[in-house]
Amino acid sequence: SVKGAKVAPPETILEKKTLPGACWPLEGSKGQVTMRLPYPVFVDSVTVDHVSPDIVDSGKYRHAPKTMKVIGYPACRKGDDCYALGFNMHDPIEIASFRFDIEASSIQTFDTIYADSKTGDSVDDSDDDDGSCSVEEAACSAPPRISLGGITLKVLDNWGSDEYTCLYRFRVHGQPDL
């Protein structure tokens, strides 16, 4: 908790409120939250929302997250040891790493490593013998596309506050694997 203040629960980051103070405050300049997705998802991008700079003074932006990573966990299927949890936390995959730009929009979307991969097939069938991918085939360097059952958002630092970091909203975008 943040030094004796009444704080909102982590579920706050799933809500559509981005009014000043309607955030989940992480104590200090870094922290993380892990969530189970409601169903397995092929994740293409994530969105981080912060309060609009039009309604708060610029000093409040020092509480905004700055550098973040997203870790994905493969979904578990019926019969798997991890089925009750819904994801395999022993097989993490870093799917995104990005910086929230406080000079840009207060709603920012970031691609994951799977953004350009539609089927997971990353084989280059061209006649090249060197085994490398073409510049146009960005998915060649991505790992096979898998559905995820859980996500961790790691905040590595913020824009200057040692006191707390305010997470307003976090969203995951992709296709369901039902």
Side-chain angles (χ1 to χ4, degrees), residues 10-16 18 23-53 61-76 82 85-124 133-161 164-178:
E11 293 85 3
T12 302
I13 68 171
L14 303 176
E15 298 173 6
K16 195 176 180 176
T18 53
C23 70
W24 178 48
L26 298 166
E27 189 169 359
S29 62
K30 58 187 167 187
Q32 66 183 41
V33 61
T34 299
M35 60 198 85
R36 177 181 177 174
L37 299 174
Y39 43 80
V41 176
F42 292 105
V43 179
D44 295 319
S45 61
V46 296
T47 298
V48 176
D49 297 22
H50 197 71
V51 66
S52 172
Y61 257 68
R62 63 191 176 93
H63 299 287
K66 184 176 181 182
T67 311
M68 290 170 269
K69 284 186 181 183
V70 178
I71 309 298
Y73 303 97
C76 291
C82 57
L85 181 60
F87 57 91
N88 184 351
M89 66 184 304
H90 301 292
D91 195 13
I93 305 160
E94 184 177 318
I95 63 169
S97 182
F98 52 87
R99 179 179 164 138
F100 188 86
D101 182 356
I102 59 173
E103 300 295 324
S105 170
S106 61
I107 301 171
Q108 297 175 32
T109 299
F110 305 94
D111 287 341
T112 69
I113 58 173
Y114 302 118
D116 294 325
S117 176
K118 299 301 177 211
T119 64
D121 298 328
S122 58
V123 177
D124 184 0
C133 297
S134 68
V135 173
E136 295 82 22
E137 192 62 46
C140 288
S141 61
R145 186 174 159 108
I146 60 169
S147 64
L148 302 175
I151 295 281
T152 293
L153 173 64
K154 288 187 173 190
V155 177
L156 304 177
D157 59 6
N158 64 23
W159 285 93
S161 172
Y164 65 94
T165 301
C166 234
L167 283 180
Y168 278 87
R169 191 173 184 204
F170 178 70
R171 293 178 275 166
V172 174
H173 311 285
Q175 294 79 41
D177 180 20
L178 302 175

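Please read these numbers as outputs of a predicted model, since none were measured by experiment.
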Legend entry - Evaluation steps, side chain to side chain contact (heavy atoms under 4.5 Å, CB included), between L148 and F87: CA-CA 7 Å; L148 302 175; F87 57 91; over 6 Å; no
Inset, instruction - Report the residues that fulfil ring pair (Phe, Tyr, Trp, His ring centres under 6.0 Å) with F100, sequence neighbours left out, ordered by chain and then residue number. - result: none
Inset, instruction - Enumerate the residue pairs fulfilling salt bridge (charged side-chain N to carboxylate O under 4.0 Å, His left out) with a member in residues 89-109, sequence neighbours excluded, ordered by first and then second residue. - result: K69-E94
Legend entry - With sequence neighbours excluded, residues passing side-chain hydrogen bond (donor to acceptor under 3.5 Å, both in side chains) with T34: T152
Legend entry - Beyond-backbone contact of V155 with M68, side-chain heavy atoms, under 4.5 angstrom: yes
Legend entry - Heavy-atom check, side chain of D111 versus side chain of S45, under 4.5 Å: yes
Legend entry - V33 versus P10, closest heavy-atom pair with distance: CG2-CB, 4.3 Å
Legend entry - 4.5 Å side-chain heavy-atom contact, R145 and D44: yes
Inset, instruction - Kindly assign one of parallel, tilted or perpendicular to the pair Y168 and H50, based on the angle between their ring planes and the thresholds 30° and 60°. - result: perpendicular
Inset, instruction - Mind telling me whether F98 and F110 have parallel, tilted or perpendicular rings, with 30° and 60° as the class edges? - result: parallel
Inset, instruction - Identify the heavy atoms of I151 and Y73 that sit nearest to each other, and give their distance. - result: N-CD1, 4.0 Å
Inset, instruction - Just jot down the side-chain hydrogen bond (donor to acceptor under 3.5 Å, both in side chains) partners of T67, sequence neighbours excluded, or say none. - result: D157
Inset, instruction - Kindly indicate whether the side chain of S52, heavy atoms from C-beta on, has any atom under 4.5 Å from the side chain of T18. - result: no
Inset, instruction - Evaluate the side-chain proximity of M35 to I13: yes if any heavy-atom separation is below 4.5 Å, no if none is. - result: yes
Inset, instruction - For D177, enumerate each residue passing the side chain to side chain contact (heavy atoms under 4.5 Å, CB included) test, keeping only those at least two apart in sequence or located in another chain. - result: P40, F42, R77, S147
Inset, instruction - Could you tell me whether a side-chain N or O of S29 sits under 3.5 Å from a main-chain N or O of G160, the two making a donor and an acceptor? - result: no
Inset, instruction - Report yes or no: do T109 and T47 form a side-chain donor-acceptor pair below 3.5 Å? - result: yes
Legend entry - Trace of the side chain to side chain contact (heavy atoms under 4.5 Å, CB included) decision for Q108 with I102: CA-CA 10 Å; Q108 297 175 32; I102 59 173; over 6 Å; no
Legend entry - Partners passing salt bridge (Lys or Arg N to Asp or Glu O under 4.0 Å) against R171 (at least two apart in sequence or in another chain): D49
